[in-house]
Amino acid sequence: MTPKDVVRAFWGAMATNDFAAASLWLAPDFEGYWPQSKERILGRDNFAAINTAYPAAGRWQFDVQAIVAEGCVVVTDVAITDGDVNARAITVHTVRDGLITHQREYWPDDYPAPAWRAQWVTVNG
């Protein structure tokens, strides 16, 4: 499998909401990093546990909006919802030997468009 195929399979497994199964796409010494909160997730077991424990209103749904790969690095833009929360994750994955060894994941929040830009932009939604 190519690194891009591995990451597609990972998101497919995440969509089952069986996070232990999804973690099998991660290397045993996996490292996940959330730069905004400066948290590290070390190991596939911790990855599965934190995702299983995460409070949710319903089943998580993952919709891959974009995926770009170059060599062993794959970047995904994924829309995520549990029916209540609507979020977006931009994830930089590093893949080696058919497993994801590292993820750096950003969770951007929506914010209102500043009024000063109104003459140059349109606002969707």
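In what follows, residues are counted from 1 in the order of the sequence shown.
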Going by heavy atoms in the side chains, are [X] and [Y] under 4.5 Å from each other?
| X | Y | result |
| --- | --- | --- |
| Ile100 | Val7 | yes |
| Thr76 | Ile90 | no |
| Val6 | Leu99 | no |

Hey, does the side chain of [X] reach the backbone of [Y] with a donor-acceptor pair shorter than 3.5 angstrom?
| X | Y | answer |
| --- | --- | --- |
| Thr101 | Arg96 | no |
| Thr52 | Ala49 | no |
| Glu105 | Val92 | no |
| Thr81 | Gly83 | yes |

Under the ring pair (Phe, Tyr, Trp, His ring centres under 6.0 Å) test, residues paired with Phe19 that sit two or more places apart: none
My understanding is that only residues two or more places apart in sequence, or in another chain, count here; which of them pass side-chain contact (heavy atoms from CB on, under 4.5 Å) with Arg8? Lys4, Ile67
Could you work out, with side-chain contact (heavy atoms from CB on, under 4.5 Å) as the rule, every residue matching Ala9, not counting sequence neighbours? Met1, Trp25
Is there a continuous path of hydrophobic side-chain contacts, each under 4.5 Å between heavy atoms, that joins Tyr106 to Val74?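 Different clusters.
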Among the clusters formed by ILVMFWY side chains lying less than 4.5 Å apart, do Val64 and Val75 turn up in the same one? no
What pairs with [X] under side-chain hydrogen bond (donor to acceptor under 3.5 Å, both in side chains), at least two apart in sequence or on another chain?
| X | result |
| --- | --- |
| Tyr33 | none |
| Asp18 | none |
| Asp82 | none |

Least distance between heavy atoms, Ala13 atom then Ala22 atom: CB-CA, 3.6 Å
Nearest heavy-atom neighbours spanning Pro35 and Arg104: CG-CG, 3.6 Å
Pairs meeting criterion ring-ring contact (aromatic ring centres under 6.0 Å, His included) with involvement of residues 62-91, two or more places apart: Trp11-Phe62
Do the rings of Phe10 and Phe47 sit parallel, tilted or perpendicular, given the 30° and 60° boundaries?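 Tilted: the ring planes of Phe10 and Phe47 meet at 30° to 60°.
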Between [atom1] on residue [X] and [atom2] on residue [Y], distance to nearest 0.5 Å:
| X | Y | atom1 | atom2 | value |
| --- | --- | --- | --- | --- |
| Thr94 | Gln103 | OG1 | CD | 9.0 Å |
| Asp45 | Phe30 | CG | CZ | 12.0 Å |
| Cys72 | Asp97 | SG | CG | 10.5 Å |
| Asn46 | Leu26 | CG | CG | 11.5 Å |

Can you pull the salt bridge (Lys or Arg N to Asp or Glu O under 4.0 Å) pairs that have at least one residue in residues 28-41, sequence neighbours excluded? Glu31-Arg40
Of all pairs that satisfy salt bridge (Lys or Arg N to Asp or Glu O under 4.0 Å), the ones with a partner from residues 68-77, not counting sequence neighbours: Asp77-Arg88
Hydrophobic cluster of Trp120, others only, ordered by chain and residue number, side-chain cut-off 4.5 Å: Trp116, Val121
Can you list, by chain and residue number, the hydrophobic cluster partners of Val68 when the side-chain cut-off is 4.5 Å?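 So far as hydrophobic clustering goes, Val68 is joined with none.
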Report the C-alpha separation of Met14 and Val78 in whole Å, then their side-chain angles, then the decisive distance to 0.1 Å, and conclude whether the side-chain contact (heavy atoms from CB on, under 4.5 Å) test is met. CA-CA 11 Å; Met14 289 291 285; Val78 179; over 6 Å; no
Evaluate side-chain contact (heavy atoms from CB on, under 4.5 Å) for Asp63 paired with Gln65, printing each intermediate quantity in order. CA-CA 6 Å; Asp63 184 16; Gln65 303 288 302; 2.8 Å; yes
Which pairs, with at least one residue in residues 53-62 and sequence neighbours excluded, count as a side-chain hydrogen bond (donor to acceptor under 3.5 Å, both in side chains)?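 Qualifying pairs: none.
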